[in-house]
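First comes the structure, then the notes that go with it.
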2 protein chains.
Amino acid sequence: MDMKNITLTDIAQELNLSRSTIDRVLNDRGNVAVDTKKRVLRYINELGYKPNRAAKHLAKRTNCSIGVSYYLPNEFALQINRGINTVYEELSNYGLNVLIRAADSPEEQLLQIKEMSEQIDALALAVWEPDLVGDLVNDLIDDGLPVATFNRDLPDSERLFYFGCNYFESGQVCGGIIEKITSKPGKIAIINNHDILGEYRAKGFKSVLSDNFQYDIIGPYEICEEFEVEGSINEKVIEDIQSIIKDNPDLVAIYVANQTLCAAGKAVELLGKQGEIKLVGFDLYEQTVSLIEKDIIQAVVCQEPFNQGYYPIKILFELIAEGKEIEKSKFITRLEIVMKENLRYYHNYDYIK
Amino acid sequence: MDMKNITLTDIAQELNLSRSTIDRVLNDRGNVAVDTKKRVLRYINELGYKPNRAAKHLAKRTNCSIGVSYYLPNEFALQINRGINTVYEELSNYGLNVLIRAADSPEEQLLQIKEMSEQIDALALAVWEPDLVGDLVNDLIDDGLPVATFNRDLPDSERLFYFGCNYFESGQVCGGIIEKITSKPGKIAIINNHDILGEYRAKGFKSVLSDNFQYDIIGPYEICEEFEVEGSINEKVIEDIQSIIKDNPDLVAIYVANQTLCAAGKAVELLGKQGEIKLVGFDLYEQTVSLIEKDIIQAVVCQEPFNQGYYPIKILFELIAEGKEIEKSKFITRLEIVMKENLRYYHNYDYIK
DNA sequence: TTGTAGGCGTTATCAC
DNA sequence: GTGATAACGCCTACAA
């Protein structure tokens with residue numbers, strides 16, 4: 001119960017050396033005789049000595065500013081911010097500082113990254129259009145700035161790691177759900193963006209359903225809602241989806257792979273087709289909630305938005321402040337199935353705190 | 001970027017007092033003149049001063065042993081242990097110590113709790129049969145030992161908090177899933193335990209399906225598998241479930257509310273009814289996995305087993321070591337829907353190591 | 001190549 | 001009531 005921990009001083013005394021020498025060995029600061037080093041290392045291994053984190057932080061008085069830049073749908077950003085706030089609260093008195101820049105356009109994001117790059121020790125990044133910022137990011141990395149991506153990766157860059165979902169598999173999950181909940185044969189429409197990630201989501205979806213002869217997959221239709229969906233939904237978008245429904249009387253399901261799910265819900269509702277046409281898509285927005293409750297949307301697949309804010313920063317901080325190595329180049333978030341019955345656990349739900 | 005944090009010493013200097021006095025005010029140690037106290041408190045509020053956690057831990061050299069006692073299905077315990085190990089790694093060099101006692105029977109659990117109660121500063125508890133240990137726990141609490149429950153609550157005791165799922169709602173989620181994936185009308189069998197939690201799960205299930213006239217709910221059948229399911233499954237249990245299936249040709253689904261799900265899967269498989277009879281239940285064991293992959297079990301509802309090991313200990317530690325207040329008397333875990341497609345994210349999945 | 005000394009921001013133990 | 005002073009375990013000069 002009262003097992004005293006071994007300290008650096010203990011080791012120094014035991015080996016008749018000074019604390020600094022032990023410190024030099026432990027932190028690879030050089031200037032230690034090979035023999036001494038070996039002796040210390042062996043002894044340390046035997047003991048299973050672990051440095052005291054509190055003391056380390058206190059002595060180093062680390063001070064590390066991490067920048068976050070994203071261009072993402074507003075409501076998704078909100079959930080990510082919650083994760084950022086939490087990690088800030090946990091680590092701010094260990095010296096963490098966070099700068100958040102939310103962009104309203106890819107161009108603005110470029111400027112924001114450039115601007116804050118001077119003041120930060122690391123950068124966490126979610127970019128919608130890789131082509132625009134790719135060069136800048138590579139320059140920053142070449143200059144020695146540690147960069148990580150979240151939500152959307154920059155696979156061609158030298159970023160340290162990506163933290164987010166697997167888009168292909170996210171499509172598969174939706175495919176599996178639709179297959180399970182659709183009772184009659186017919187057509188299934190895909191709505192998505194024609195960017196690379198939208199296509200992964202379509203491919204994943206098809207990989208599950210292509211063997212199933214009772215369904216005929218139509219689309220993909222490129223219909224896309226704005227990022228700033230708050231109250232009002234783009235009428236044109238709803239109309240476009242309504243015409244798909246009207247043109248295909250044997251439509252049994254719609255799979256929405258982008259942020260247009262609410263609009264699709266409205267379209268289904270306006271035509272009185274709820275329940276008849278199954279609706280499945282991604283992410284949980286304020287507007288999605290009531291559509292799920294009304295059984296217009298049957299299921300939604302989420303990707304741990306909170307953790308997408310929380311972990312990238314935590315990992316970067318531990319890298320910079322504690323020299324902890326990064327264990328993976330891809331941290332893939334869980335794909336969470338949310339339906340009416342477990343909805344409340346995924347919408348503004350902080351069971352801790 | 002380099003914003004120096006305010007320290008206790010800063011405050012002392014500014015107010016022409018010693019650090020000790022500030023410390024007395026901050027930690028309510030008494031022996032401070034009322035006026036001085038007021039003056040200090042006001043100034044601290046203005047500044048928004050936050051004590052440095054690292055320094056605090058270092059100076060206090062806290063040493064806190066938390067005991068964990070549970071009597072639970074083996075494989076579930078395994079997942080909980082992972083959470084315990086993680087929190088131990090995070091906090092052991094802040095002075096956390098953990099004692100785990102896994103019981104093989106309620107009687108053994110009673111003894112184990114009694115035995116370790118002398119050596120611990122707090123206790124986290126999961127008990128299957130409240131009646132047996134209830135008195136002991138209340139005695140311990142009266143003696144001043146902080147006790148928390150996880151997975152299964154002791155609602156009549158004075159435990160500090162419960163960390164686990166809502167059993168009624170977990171039944172609802174299964175009801176919702178079965179309603180969505182079952183395409184034809186018929187009978188649905190419930191298998192559960194006749195304890196209070198098993199009944200909550202049955203009630204929650206019925207609350208969703210009772211309005212639906214196409215289903216006829218039969219049971220509950222009290223059939224129960226042992227805790228030590230490893231490779232071999234109780235033949236008798238499988239036979240019992242097979243007879244239910246044989247006796248009810250129009251059975252469209254089975255809802256298993258206890259740890260008998262795998263046995264039910266075997267029964268369905270042996271009779272060649274996979275896909276025809278939908279199968280839904282709780283928790284993810286090694287044996288469940290292959291049954292889900294083979295489409296014999298359509299979905300499983302999980303309850304964050306990792307976090308059930310992680311958080312109770314973390315919360316108790318923060319209470320004891322940092323005097324942090326406990327914010328709720330119930331921390332309700334998410335109900336996670338796991339199907340074939342997102343299975344890999346819930347089975348031995350540590351995306352963060 | 002090694003050692004010494006002082007400090008990080010708290011808490012704890014004395015004196016006054 | 002209040003204030004010195006020495007820890008806690010580690011890091012960082014600087015000296016030897």
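If you're wondering where the values come from, they're calculated on a predicted model, not measured in any experiment. Chain identifiers are assigned alphabetically (A, B, ...) following the order of the sequence lines, protein sequences preceding nucleic acid strands; residue numbering begins at 1 within each chain.
Atom-to-atom, CG of A:Asp23 to C1' of D:dA13 comes out at 12 Å; the value is rounded to the nearest Å. For the pair A:Gln13 CD and D:dG9 C1', the computed distance is 13 Å after rounding to whole Å. Regarding A:Tyr94, its OH atom lies at a distance of 12 Å from the C1' atom of C:dT10, rounded to whole Å. As a whole-Å value, the separation of A:Asp35 CG from C:dT2 C1' is 14 Å. B:Arg29 has its CZ atom 8 Å from the C1' atom of C:dA12, to the nearest Å. Following rounding to the nearest Å, B:Asn31 (CG) and C:dC14 (C1') show an atom-to-atom distance of 14 Å. Distance A:Asp28 CG to D:dC10 P: 17 Å, rounded to the nearest Å. Taking atom CD1 on B:Ile44 and atom C1' on C:dT10, their separation rounds to 13 Å, with Å as the unit.
No side-chain N or O of B:Gln303 forms a donor-acceptor pair with one of B:Thr333 less than 3.5 Å apart. Residues A:Arg334 and A:Asn307 bring no donor and acceptor atom of their side chains to less than 3.5 Å of each other. In summary, the side chains of B:Asn166 and A:Tyr345 do not present any donor paired with an acceptor at a separation below 3.5 Å, with no hydrogens or angles considered. Side-chain contact of B:Glu90 with B:Tyr310: a donor-acceptor pair under 3.5 Å is present, judged by distance alone.
Between A:Asn27 and D:dC11 there is a side-chain N or O to OP1 or OP2 distance below 4.0 Å. Within the 4.0 Å cut-off from OP1 or OP2 of D:dC10, at least one side-chain nitrogen or oxygen of A:Tyr49 is found.
Residue pairs meeting the ring-ring contact (aromatic ring centres under 6.0 Å, His included) criterion with at least one member in residues 5-37 of chain A, sequence neighbours excluded, do not occur.
Listed nucleotides D:dG1, D:dC11, C:dT2 differ in distance to A:Leu8; the shortest reach to its side chain belongs to D:dC11. When the nucleotides C:dT1, C:dA12, C:dT10 are ranked by their closest atom to the side chain of A:Thr36, C:dT1 comes out on top. Across D:dG9, C:dT10, D:dC11, the shortest atom-to-atom separation from the side chain of A:Asn52 is found for D:dG9.
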*For every nucleotide of nucleotides 3-8 of chain C, 5' to 3': is a protein heavy atom under 4.0 Å from its base (B), only from its sugar-phosphate (S), or from neither (-)?*
BBBBBB
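Ring geometry for A:Phe161 against A:Phe331 counts as perpendicular: the plane angle is over 60°, on a 0 to 90° scale with 30° as the lower cut. Aromatic ring pairs are classed by plane angle as parallel below 30°, tilted from 30° to 60° and perpendicular above 60°; the pair A:Phe150 and A:Tyr70 is perpendicular.
Computed from C1' positions of five pairs at each end, the angle between the two local axes of the helix from C:dT1-D:dA16 to C:dC16-D:dG1 equals 40°, rounded to 10 degrees.
Between B:Ile80 and the choices B:Val68, B:Ile100, B:Leu72, the side chain to side chain contact (heavy atoms under 4.5 Å, CB included) rule is met once, by B:Leu72.
B:Arg53 comes within 4.0 angstrom of no nucleic acid atom, judged by non-hydrogen atoms across all strands.
Looking at A:Glu322 and A:Lys60, no side-chain N of the basic residue comes within less than 4.0 Å of a carboxylate O on the acidic one, giving no salt bridge.
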